[in-house]
There are 2 protein chains.
Amino acid sequence: MGTESAPLQTRNSLVEAAIHLFGHRGFGQTSTRELAARAGTNIASIAYHFGGKAGLHAASAREVAARIGAVLGSPENISPTNPTEAAAQLEAMLRRFVAFLVAAPEAPDIAAFMLRELTDPGEVADLIYAEFLEPRHRMLCQLWGVATGRSPESEEVKLAVFAMLGQVLYFRIGQPYVLRRIGWAGIGPDEAGRIADLLSANLHAMIERHRT
Amino acid sequence: MGTESAPLQTRNSLVEAAIHLFGHRGFGQTSTRELAARAGTNIASIAYHFGGKAGLHAASAREVAARIGAVLGSPENISPTNPTEAAAQLEAMLRRFVAFLVAAPEAPDIAAFMLRELTDPGEVADLIYAEFLEPRHRMLCQLWGVATGRSPESEEVKLAVFAMLGQVLYFRIGQPYVLRRIGWAGIGPDEAGRIADLLSANLHAMIERHRT
DNA sequence: TGATTTCAATCAAACGATTGATTAACCTGT
DNA sequence: ACAGGTTAATCAATCGTTTGATTGAAATCA
């Protein structure tokens with residue numbers, strides 16, 4: 001039935017193992033033997049399918065970018081007409097982003113991998129910026145500009161959008177510390193909802209403040 | 001004159017090299033030979049002074065925590081009397097934090113190291129949380145509580161403080177991307193001031209919004 | 001004081017273990 | 001039989017650590 005062909009199975013297992021291990025332990029601290037063991041295959045498979053450890057890393061980065069892109073939606077379909085609607089669209093995207101980044105079951109691996117790429121000056125960082133971060137940030141600036149009545153490409157708007165994204169990201173980066181400080185056992189849809197509520201309130205407060 | 005004794009000199013050189021290399025390349029990707037070379041000493045010095053690579057890592061973490069603590073001030077000396085003053089103290093701490101984290105000349109190494117610790121589930125993470133993050137977060141919650149008239153240890157206040165910190169942190173984590181997107185060549189006192197202005201505005205907007 | 005001992009500190013060299021990569025033999029389905 | 005995958009075995013290189021020798025400045029003798 002739906003079982004994949006054997007070679008594809010091995011490939012996907014390796015990519016999945018790589019996203020997890022590279023994301024949580026880092027590229028340098030992850031050995032090819034660990035990768036093969038977690039994928040349930042042989043070390044040599046890495047060289048056979050990806051040319052080597054670096055090739056597997058690049059393939060994993062591509063896979064991660066694709067999955068996040070699927071969650072956030074394509075950057076084109078926005079139609080901001082008036083400030084109120086633009087603010088509503090911003091809130092909707094914010095909530096979608098929070099739900100994925102903070103509570104989605106597959107998010108820990110994906111987010112950890114992405115953060116590792118953002119932090120490390122890797123070769124894939126350029127690709128992530130050009131193909132993913134920049135267009136999406138530009139779209140958010142567009143919405144922010146309409147919502148506040150300011151120029152979408154002004155320095156002020158760009159900084160404000162970065163600040164908003166920073167709020168969300170920290171609840172992923174510092175999640176262990178957040179849990180510990182608040183006393184939560186974990187972050188489910190429930191806790192994620194309350195985080196989203198808070199950040200949405202902040203969003204509207206910031207928009208009002210920046211409105212001329 | 002003010003020259004340090006030889007053994008202390010070696011110790012400090014190793015810690016300095018470790019903060020830089022561990023922060024920028026990661027623990028696993030940094031070899032003891034690199035560390036010794038950058039410190040201008042012998043490999044064996046690491047084992048002699050710190051018991052090993054892990055010991056040097058722990059010592060560096062302690063040093064980093066101490067330096068950041070010196071910048072943020074001790075968590076005790078706060079005296080929030082009325083909401084307005086509490087908000088003013090929050091803004092002052094925010095600006096001090098931004099100035100250090102974003103533009104201070106020694107900040108890149110320190111910040112990179114700290115971020116690495118936050119991301120990696122290392123052994124020193126517990127120490128960082130208990131001795132540094134928790135007390136300071138508690139102090140900020142105290143101020144936030146007075147400023148907004150809410151209970152300082154409520155879930156809502158804790159989350160709000162985390163969100164505020166997240167804003168600042170991103171301008172360090174994503175600094176390369178911020179520079180690229182806005183078109184800055186770097187972040188000097190000038191650019192840091194404009195970031196601080198924006199985040200201060202956000203701070204007051206959030207406080208007003210959360211005030212009962 | 002002058003000779004001797006002691007000890008922390010640093011060094012070059014080498015250790016065993018592990019790394020990523022490679023090889024050649026071996027399946028497995030057609 | 002044969003091509004596409006997989007395997008165990010092995011490679012040189014590098015890893016963190018350890019070793020034994022050497023240094024120079026205190027400490028302890030005479």
Side-chain angles (χ1 to χ4, degrees), chain A residues 1-61 63 113 116-117 120 122-124, chain B residues 1-63 113 116-117 120-124:
Chain A
M1 283 261 307
T3 66
E4 305 166 281
S5 66
L8 255 184
Q9 168 88 341
T10 307
R11 254 195 73 104
N12 292 343
S13 297
L14 277 172
V15 168
E16 193 184 356
I19 291 176
H20 178 84
L21 288 175
F22 285 157
H24 285 81
R25 217 163 310 194
F27 183 82
Q29 308 223 55
T30 304
S31 70
T32 53
R33 285 164 179 81
E34 280 181 287
L35 289 164
R38 177 168 247 263
T41 181
N42 192 269
I43 323 171
S45 307
I46 298 174
Y48 180 81
H49 286 284
F50 304 98
K53 188 184 177 185
L56 174 56
H57 182 236
S60 305
E63 175 67 22
F113 188 97
R116 201 66 78 156
E117 290 309 308
D120 292 11
E123 31 188 75
V124 282
Chain B
M1 289 249 306
T3 66
E4 305 166 281
S5 66
L8 256 184
Q9 169 88 341
T10 305
R11 255 194 73 102
N12 293 342
S13 296
L14 277 173
V15 168
E16 194 184 356
I19 291 176
H20 177 83
L21 288 174
F22 285 157
H24 285 82
R25 215 163 310 189
F27 182 81
Q29 310 222 51
T30 303
S31 70
T32 53
R33 286 162 180 82
E34 279 181 287
L35 288 164
R38 177 170 246 262
T41 182
N42 192 269
I43 322 170
S45 306
I46 298 174
Y48 180 81
H49 286 284
F50 304 97
K53 189 184 177 185
L56 174 57
H57 182 232
S60 305
R62 261 178 270 119
E63 174 67 22
F113 187 96
R116 202 67 79 156
E117 291 310 308
D120 291 12
E123 32 188 74
V124 282

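Heavy-atom basis, side chains included; hydrogens, waters and symmetry copies ignored. What you are looking at is a predicted structure, and each value in this text was computed from that prediction instead of being measured.
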Over all heavy atoms of both residues, which pair between [X] and [Y] is shortest? Give the atoms and the distance, please.
| X | Y | value |
| --- | --- | --- |
| B:Lys53 | B:Ile46 | N-CG2, 4.0 Å |
| B:Ser60 | B:Val15 | OG-O, 3.9 Å |
| A:Phe27 | B:Gln29 | CB-NE2, 4.2 Å |
| A:Ala17 | A:Arg38 | CB-CG, 3.7 Å |

B:Glu34: salt bridge (Lys or Arg N to Asp or Glu O under 4.0 Å) partners, not counting sequence neighbours: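 For B:Glu34 the salt bridge (Lys or Arg N to Asp or Glu O under 4.0 Å) partners, ignoring immediate neighbours, are B:Arg25.
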Looking at side-chain heavy atoms only, is the closest gap between A:Ser45 and A:Leu14 below 4.5 Å?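 A:Ser45 reaches A:Leu14 side chain to side chain.
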Are the side chains of B:Phe50 and B:Arg11 in contact, using a 4.5 Å heavy-atom criterion?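 Yes, close enough: below the 4.5 Å cut-off.
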Is B:Thr32 touching bases, backbone alone, or none of the nucleic acid, heavy atoms closer than 4.0 Å?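 The answer is base, as B:Thr32 lies within the cut-off (heavy atoms under 4.0 Å) of a base atom.
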[X] [atom1] to [N] [atom2], straight-line distance once rounded to whole Å:
| X | N | atom1 | atom2 | value |
| --- | --- | --- | --- | --- |
| B:Tyr48 | C:dA12 | OH | P | 17 Å |
| B:Gln9 | C:dA8 | CD | C1' | 17 Å |
| A:His49 | C:dA21 | NE2 | P | 15 Å |
| A:Arg11 | D:dT6 | CZ | P | 12 Å |
| A:Arg25 | C:dT19 | CZ | C1' | 15 Å |
| B:Lys53 | D:dG16 | NZ | P | 4 Å |
| B:Phe50 | C:dA8 | CZ | C1' | 15 Å |
| A:Ile46 | C:dT19 | CD1 | P | 12 Å |

Does B:Ser31 have a side-chain nitrogen or oxygen under 4.0 Å from the phosphate oxygens OP1 or OP2 of D:dT14?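 No.
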Between protein and nucleic acid, restricted to nucleotides 8-11 of chain D and to nitrogen or oxygen atoms under 3.5 Å apart, what atom pairs and distances do you find?
| residue | atom | partner | partner atom | Å |
| --- | --- | --- | --- | --- |
| D:dA8 | OP2 | A:Asn42 | ND2 | 3.3 |
| D:dA8 | N7 | A:Asn42 | ND2 | 3.4 |

Below 4.0 angstrom, which residues in residues 13-21 of chain A have at least one non-hydrogen atom near DNA chain D?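 Those residues whose heavy atoms fall under 4.0 Å from DNA chain D, taken from residues 13-21 of chain A, amount to none.
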Assign the ring pair A:Phe113 / A:His57 to parallel, tilted or perpendicular, where the plane angle (0 to 90°) is split at 30° and 60°.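 The arrangement is tilted - the two ring planes meet at 30° to 60°.
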Measure the spacing between CG of A:Leu35 and CD1 of A:Ile43 and express it to the nearest 0.5 Å.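 Going from the CG atom of A:Leu35 to the CD1 atom of A:Ile43 covers 10.5 Å.
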